[in-house]
Number of protein chains: 2
Amino acid sequence: MSGEQNGIRVLVADDHAVVRAGIVALLASEPDITVIGEASDGEQAVERALTLRPDVVVMDVRMPGLTGDAATARIREHDTAVRVLVLTTYESDASILAAIEAGASGYLLKAAPAEELIAGVRSVAAGEVALSPAIATQLVSRMRAPTPSSLTPRETEVLRLVAEGLSNRAIGERLFVGEATVKTHLLRAFEKLGVNDRTRAVTLAMERGLL
Amino acid sequence: MSGEQNGIRVLVADDHAVVRAGIVALLASEPDITVIGEASDGEQAVERALTLRPDVVVMDVRMPGLTGDAATARIREHDTAVRVLVLTTYESDASILAAIEAGASGYLLKAAPAEELIAGVRSVAAGEVALSPAIATQLVSRMRAPTPSSLTPRETEVLRLVAEGLSNRAIGERLFVGEATVKTHLLRAFEKLGVNDRTRAVTLAMERGLL
DNA sequence: CCTGCCGTCCACCGATCGGTGGACCCGAGA
DNA sequence: TCTCGGGTCCACCGATCGGTGGACGGCAGG
């Protein structure tokens with residue numbers, strides 16, 4: 001293991017320089033936490049996580065190139081000792097599940113107060129799980145939901161084209177299937193989302209980060 | 001005036017603690033810049049801007065309560081000596097125009113490198129205008145666009161209800177007008193956005209931050 | 001003053017959509 | 001093995017939508 005007496009060794013990954021500096025500044029003010037590196041995209045995060053072997057990686061979900069989820073998965077694939085704490089701007093983000101499945105040990109909102117972030121890093125370093133209250137709530141409600149509200153790849157694809165303003169027929173042509181098929185997918189998607197019109201379906205799917 | 005020899009006095013306003021800390025950390029490392037205060041929402045920003053009278057207010061567009069635009073307008077209404085530098089996460093944000101009309105002296109992306117932010121603060125303090133390259137491009141393209149793509153309040157209102165999945169008739173009832181009126185507003189909005197269906201209109205308006 | 005722009009409203013049409021109730025194939029897992 | 005879920009397709013209906021071509025009042029700016 002690393003850092004029993006040196007404190008918690010942290011790697012910070014975020015594409016926004018401003019945010020990165022913020023996290024570093026907040027964490028550096030804590031005596032038991034040391035920021036040992038930074039990364040500005042997913043690939044860099046993976047690379048540095050594997051070479052520096054920090055105790056905790058604080059990672060933004062949305063990054064150019066490799067997504068936070070994907071980077072998390074790749075890191076944990078190679079080195080399970082490195083724990084990942086994921087940060088997000090929006091609480092309504094479908095990638096919450098993705099990140100947790102990818103092996104993240106925590107999921108916090110960027111809007112969270114400084115103490116929450118710091119406490120989160122300590123929890124994760126200690127092997128515990130750290131979740132923002134808002135995120136925890138969302139997770140629970142998603143677990144008990146009868147509909148996993150997970151769209152099939154095809155449904156998602158159709159919905160994305162709907163979002164672009166295509167008609168059912170046009171979507172059919174684009175996907176090389178009949179209009180009837182498109183309507184079927186769409187109706188199923190409506191059902192899962194609990195709506196009955198295409199526009200609401202699109203906005204809802206966007207809110208949930210399904211698109 | 002203030003701060004000829006004390007350096008540039010800055011007030012930082014952002015609802016995200018992490019980002020706020022980041023901006024402060026970045027600016028504080030510059031000898032000619034002093035952060036004299038912070039605010040976590042619009043009202044606070046206005047209040048502190050007027051009492052502290054900083055040279056520059058670095059302000060996020062999206063904040064709970066009072067928007068960045070609104071806060072900017074209110075500050076400049078009372079004290080034109082205070083200049084405002086607005087930060088945004090997305091380059092496709094309709095509030096760019098709003099902020100500039102409100103009297104902002106600069107508009108930067110949060111993704112901007114640290115040097116850009118610092119240079120921006122210096123420029124704005126010197127009375128110049130600071131724009132991110134991406135934002136400047138967008139501004140120009142919007143100026144030369146035949147359609148200002150600005151929806152009337154009523155059109156925006158209708159479009160927002162469309163986004164919620166309401167039918168034209170339902171929207172009419174909600175707004176106490178006839179269905180025909182709703183259709184008129186919608187058609188005009190389609191025209192301005194260059195689309196011909198409600199769903200695309202909504203997604204486009206969202207992309208442009210018009211909703 | 002009068003020329004826009006905005007908001008309101010009307011009638012009418014064809015096109016598209018939402019919804020029903022089927023059907024078939026296939027691959028994965030019980 | 002057989003069931004179940006995803007993906008494909010069909011016909012048919014009423015409802016809604018997109019689009020046209022008007023109309024009228026108000027009020028702000030030239």
Side-chain angles (χ1 to χ4, degrees), chain A residues 94 97 101 142 145-206 208 210-211, chain B residues 94 97-98 101 142-143 145-206 208 210-211:
Chain A
L97 281 181
E101 274 168 27
R142 205 173 281 199
T147 308
S149 104
S150 68
L151 301 177
T152 68
R154 208 51 164 172
E155 285 158 1
T156 309
E157 205 173 3
V158 169
L159 210 51
R160 198 169 291 139
L161 293 174
V162 168
E164 285 176 23
L166 300 192
S167 69
N168 291 339
R169 185 182 307 163
I171 295 172
E173 283 166 13
R174 191 79 80 84
L175 299 180
F176 307 109
V177 300
E179 182 186 353
T181 307
V182 175
K183 291 175 76 171
T184 306
H185 288 313
L186 221 35
L187 284 172
R188 281 209 237 278
F190 290 175
E191 234 180 312
K192 291 183 182 173
L193 295 169
V195 304
N196 44 24
D197 82 275
R198 49 177 54 219
T199 306
R200 180 61 186 144
V202 166
T203 56
L204 231 181
M206 284 178 135
R208 301 202 183 160
L210 300 173
L211 258 82
Chain B
L97 282 182
E101 274 168 25
R142 205 173 280 198
M143 298 295 271
T147 307
S149 104
S150 69
L151 302 176
T152 68
R154 207 51 165 172
E155 286 158 0
T156 309
E157 205 172 2
V158 168
L159 210 51
R160 197 169 294 140
L161 292 174
V162 168
E164 286 176 22
L166 300 191
S167 68
N168 291 339
R169 184 181 308 166
I171 295 172
E173 284 166 13
R174 192 77 81 85
L175 300 180
F176 307 109
V177 300
E179 182 185 352
T181 308
V182 175
K183 291 175 75 171
T184 306
H185 288 312
L186 223 33
L187 284 172
R188 280 209 237 279
F190 290 174
E191 234 181 311
K192 290 183 183 174
L193 295 169
V195 304
N196 45 23
D197 82 275
R198 50 177 54 218
T199 306
R200 181 62 186 142
V202 167
T203 56
L204 230 182
M206 284 178 133
R208 301 201 183 160
L210 300 172
L211 285 176

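If you're wondering where the values come from, they're calculated on a predicted model, not measured in any experiment. Numbers restart at 1 for each chain; the letters A, B, ... are given by sequence-line order, proteins then strands. Heavy-atom basis, side chains included; hydrogens, waters and symmetry copies ignored.
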Tell me the interatomic distance from [X], atom [atom1], to [N], atom [atom2], rounded to whole angstroms.
X	N	atom1	atom2	result
Leu193(B)	dG18(D)	CG	P	13 Å
Leu186(B)	dC17(D)	CG	P	9 Å
Ile171(B)	dT16(D)	CD1	C1'	12 Å
Arg198(B)	dG18(C)	CZ	C1'	13 Å
Glu191(A)	dG19(C)	CD	P	10 Å
Glu173(B)	dT16(D)	CD	P	11 Å
Phe190(B)	dG19(D)	CZ	C1'	10 Å
Lys183(B)	dG18(D)	NZ	P	8 Å

Using every non-hydrogen atom in the two residues, find where [X] and [Y] come nearest and quote the distance to one decimal.
X	Y	answer
Thr156(A)	Leu210(A)	CG2-O, 3.5 Å
Leu175(B)	Val158(B)	CD1-CG2, 3.9 Å
Ala163(A)	Val202(A)	CB-CG1, 3.6 Å
Leu211(A)	Arg160(A)	CD2-CA, 3.9 Å
Leu151(B)	Lys192(B)	CD2-CD, 3.8 Å

Start at the 5' end of DNA chain D and walk down; is the nucleotide closest to Glu179(A) or to Asn196(B) reached first? Glu179(A)

Salt bridge (Lys or Arg N to Asp or Glu O under 4.0 Å) filter on Arg200(A), not counting sequence neighbours, yields Glu207(A)

What I'd like to find out is whether the side chain of Val177(B) reaches to under 4.5 Å of the side chain of Val182(B), using heavy atoms alone. yes

Could you tell me whether the phosphate oxygens of dC17(C), OP1 or OP2, come under 4.0 Å of any side-chain nitrogen or oxygen in Asn168(A)? yes

Euclidean distance, Glu164(B) CD relative to Leu204(A) CG, rounded to 0.5 Å: 10.5 Å

Check this for me, if you would: do Arg188(A) and Glu191(A) make a salt bridge, where the nitrogen-to-carboxylate-oxygen distance has to be below 4.0 angstrom? no

Quantified as the angle between the terminal helix axes (five pairs each), what is the overall bend of the helix from dC1(C)-dG30(D) to dA30(C)-dT1(D) to 10 degrees? 50°

Against the side chain of Leu187(A), the closest entry in dG18(C), dC17(C), dG18(D) is dG18(C)

Given dC12(C), dC9(D), dC17(C), the nucleotide with the shortest approach to the side chain of Ala180(A): dC9(D)

Heteroatom pairs (N/O) under 3.5 angstrom, protein to nucleotides 3-7 of chain C:
unit_1, atom_1, unit_2, atom_2, d
dG7(C), OP1, Arg154(B), N, 3.4
dG7(C), OP2, Thr152(B), OG1, 2.5
dG7(C), N7, Arg188(B), NH2, 3.4

